[in-house]
Amino acid sequence: MSSAFSRRAVLTQAATAAAALAALPALAADKKQGTSISPAATPPAAPAPATPVATPAASVATGPFTLPALPYADTDLAPTISQSTIGFHYGKHHQGYVNKLSELVAGKDWASKSLDDVVKGSYGTENTEIYNNSAQIWNHTFYWNSMKKAGGGAAPAGKLADAIKAAFGDHDGFKKEFTAAATGQFGSGWAWLVVKEGKLAVVKTANADNPIGTGAGTPLLVCDVWEHAYYLDYQNRRNEYVSAWLDKAVNWDFAAKNLG
Ligand code: MN
C-alpha cells in the first residue's frame with residue numbers, strides 16, 4: 001500500500017515537474033504565435049468602413065478586409081439556395097477568403113488599399129495568392145448582392161430591360177446565353193452579365209477571375225458556379241441550380257443600379 005502510494009507520489013511529482021518545464025516553451029510559443037497572428041486578424045491603422053455591410057454597387061468594399069453582412073436573412077433564398085448552403089458558402093468559404101487575405105497582406109502596403117485596388121493591382125502579377133483571395137472576396141460579395149428574396153424572372157422595364165433587348169433580343173435570349181456560360185464553364189468559375197462600351201455581354205471566368213481584374217467589362221450580376229455554391233442543394237446538377245437562380249433568385253434591382 002505504502003509503496004503504491006509513494007510510487008504514485010513520485011509519479012505525480014515527476015509529472016508536475018515535467019508539466020512545469022514543458023509549460024515554459026509552450027507559453028513562449030503561444031505568445032509568439034499570438035503576436036504573429038494578431039495583426040492579420042485586426043488589420044492595423046486602417047479606419048473602419050463607414051458602412052461595413054454589403055454595398056449594393058460595383059465597388060463592393062474598402063480595406064480593411066472584413067466579411068460584409070449578407071443583404072438578407074440566410075433563410076430568404078430557400079429553397080433555391082438553402083440555409084445550409086449559405087451557412088457553408090458565406091460562413092466558411094467567403095469568410096475563409098477574408099481571413100486568408102488579411103493574413104497575406106498583414107504589414108504590407110496592400111493592407112491600406114481598397115479591395116478593388118487590391119484586385120486590380122494584383123491581377124497578372126506574381127501576387128497570385130493575394131489576387132485569388134481578394135478577387136474571391138469581391139466576387140462573393142457581388143454574388144450575394146446579385147440575389148434577393150423572391151427575385152428572378154425578367155428585368156423590369158427601363159434602361160436595363162432595353163439594354164438586354166439590344167444585346168440579346170429578349171429575356172429568353174439573355175437567359176439562353178447566360179445559362180450556356182454558367183453551365184459551360186468547365187470546373188470552377190463564374191458567369192457574369194457585364195457592360196462594356198455601353199453594350200451588355202455575358203462572360204464567364206475561371207476560378208477567382210473577375211472582370212475588374214481581367215478588363216472584361218463592368219459587372220452587373222454574377223452567378224457562382226463553383227460546386228460549393230450548389231452541391232448541397234443540387235449535387236452535380238449545375239443546370240438546375242442555374243435555372244432556379246435565374247427564375248427565382250436574380251436581383252435585377254442590383255443589376256440596374258450597377259448599370260447606372
Ligand atoms: Mn463560392
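Position 1 is the first residue of the sequence; numbering continues from there. For ligands, and for the atoms within them, numbers begin at 1 and follow the listed sequence. These numbers were taken from a predicted model, which means no experiment stands behind them.
- His140 lies close to the Mn ion (ligand 1), since one of its N, O or S atoms is found at a distance under 2.8 Å.
- Checked by atom type, the side-chain pair Ser114/Asp116 shows no donor-acceptor distance below 3.5 Å.
- Classification of the Phe174-Trp252 ring pair by plane angle, with boundaries at 30° and 60°, yields perpendicular.
- Using a 4.0 Å cut-off between charged side-chain N and carboxylate O, Asp253 and Lys148 make a salt bridge.
- Geometry note: the Mn ion (ligand 1) is the vertex, Asp224 OD2 and His228 NE2 are the arms, and the angle is 130° (rounded to 10 degrees).
- His89 lies close to the Mn ion (ligand 1), since one of its N, O or S atoms is found at a distance under 2.8 Å.
- Residues Leu77 and Phe88 are members of separate hydrophobic clusters, defined by side-chain heavy-atom contacts under 4.5 angstrom among Ile, Leu, Val, Met, Phe, Trp and Tyr.
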